[in-house]
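Heads up: the structure comes next, in structure tokens.
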Amino acid sequence: MKVSFKERVAGVVRRIPAGAVMTYKEVAAAAGHPGAFRAVGSLMKANRDPAVPCHRVVRSDLRPGEYNRGGERAKIARLTDEGVTVRDGRVKR
DNA sequence: TAGCTGACGCAAA
DNA sequence: ATTTGCGCCAGCT
């Protein structure tokens, strides 16, 4: 069945457990499009589904990246609350 | 159908 | 180590 790229991305992000983070590139690869990390970010902002924790998707540099509502700062707060260690704007692994 | 935009990635300086 | 510029793909108008 035809499933749009964003549909698969939503499915992948939805499987990310709390306390874990995945990079846009990893999500894109997991969705079947390893080079579409650009589109992933675009879909994240477009996706307002509470079942899709887009805040758990970070950049490859371990930077939180942008977010709706306060940008990086809000994202860091949410990740930290879930058990993700963030140090000075960088996700600590 | 074609063109533009963007919650990015990587290389170079 | 950090900053700047260019390239990339899918989605939207």
Side-chain angles (χ1 to χ4, degrees):
Chain A
M1 70 194 257
K2 304 180 303 64
V3 183
S4 297
F5 176 62
K6 72 186 204 90
E7 296 282 314
R8 305 188 229 196
V9 171
V12 174
V13 177
R14 208 163 154 170
R15 301 174 219 191
I16 302 176
V21 293
M22 203 172 257
T23 68
Y24 288 98
K25 194 159 59 169
E26 290 295 290
V27 174
H33 293 244
F37 46 83
R38 270 305 209 145
V40 174
S42 297
L43 299 173
M44 300 267 92
K45 71 179 171 120
N47 178 36
R48 290 202 180 99
D49 190 323
V52 182
C54 35
H55 62 268
R56 285 184 192 154
V57 185
V58 299
R59 289 184 38 158
S60 317
D61 348 53
L62 298 182
R63 274 198 264 102
E66 284 295 296
Y67 194 70
N68 272 334
R69 206 200 214 194
E72 306 184 353
R73 196 223 70 125
K75 197 162 179 178
I76 293 168
R78 195 179 278 253
L79 291 170
T80 302
D81 182 67
E82 294 194 343
V84 179
T85 305
V86 182
R87 183 59 165 176
D88 188 56
R90 328 266 192 233
V91 180
K92 179 152 190 200
R93 43 179 179 167

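We name chains A, B, ... by the order of the sequence lines, and we start the count at 1 in each one. Heavy-atom basis, side chains included; hydrogens, waters and symmetry copies ignored.
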Legend entry - Ile76(A) CD1 to Arg63(A) CZ distance, which is reported to the nearest 0.5 Å: 11.0 Å
Legend entry - Atom-pair distance (CG on Asp49(A); C1' on dA7(B)), nearest Å: 16 Å
Inset, instruction - Nearest 0.5 Å please: distance from the NZ atom of Lys75(A) over to the CG atom of Asn68(A). - result: 10.0 Å
Legend entry - Atom-to-atom span, CE of Met22(A) to P of dG9(B) - whole angstrom: 14 Å
Inset, instruction - In plain terms, say whether Lys45(A) and Glu66(A) are close enough for a salt bridge, that is, a side-chain N and a carboxylate O under 4.0 Å apart. - result: no
Legend entry - Rounded distance (Å) that lies between atom P of dA7(B) and atom CE of Met44(A): 12 Å
Inset, instruction - Map Arg63(A) and Asn68(A) onto DNA chain B by nearest heavy atom, then report which one ends up closer to the 5' terminus. - result: Asn68(A)
Legend entry - Between CG on residue Asp49(A) and NZ on residue Lys6(A), distance to nearest 0.5 Å: 9.0 Å
Legend entry - Rounded interatomic separation in angstrom, taking OH from Tyr24(A) and C1' from dC10(B): 17 Å
Legend entry - Neighbours of DNA chain B within residues 53-62 of chain A, by heavy-atom distance under 4.0 Å: Cys54(A), Arg59(A), Ser60(A), Asp61(A)
Inset, instruction - Nearest 0.5 Å please: distance from the CZ atom of Arg90(A) over to the CZ atom of Arg59(A). - result: 10.5 Å
Return the polar atom pairs (N/O with N/O) between nucleotides 7-13 of chain C and the protein under 3.5 Å, or none.
residue: dG7(C); atom: O6; partner: Arg38(A); partner atom: NH2; Å: 2.9
residue: dG7(C); atom: N1; partner: Arg38(A); partner atom: NH2; Å: 3.2
residue: dC8(C); atom: O2; partner: Arg38(A); partner atom: NE; Å: 3.4
residue: dC9(C); atom: O4'; partner: Gly35(A); partner atom: O; Å: 3.3
residue: dA10(C); atom: OP1; partner: His33(A); partner atom: ND1; Å: 3.0
residue: dG11(C); atom: OP1; partner: Phe5(A); partner atom: N; Å: 3.4

Inset, instruction - Using the ring pair (Phe, Tyr, Trp, His ring centres under 6.0 Å) rule, collect all pairs that involve residues 3-44 of chain A, keeping only residues at least two apart or in two chains. - result: Phe5(A)-His33(A)
Legend entry - CZ on Arg69(A) to NE2 on His55(A), rounded to 0.5 Å: 10.5 Å
Legend entry - Donor-acceptor contact present, side-chain Thr23(A) to main-chain Glu26(A), <3.5 Å: yes
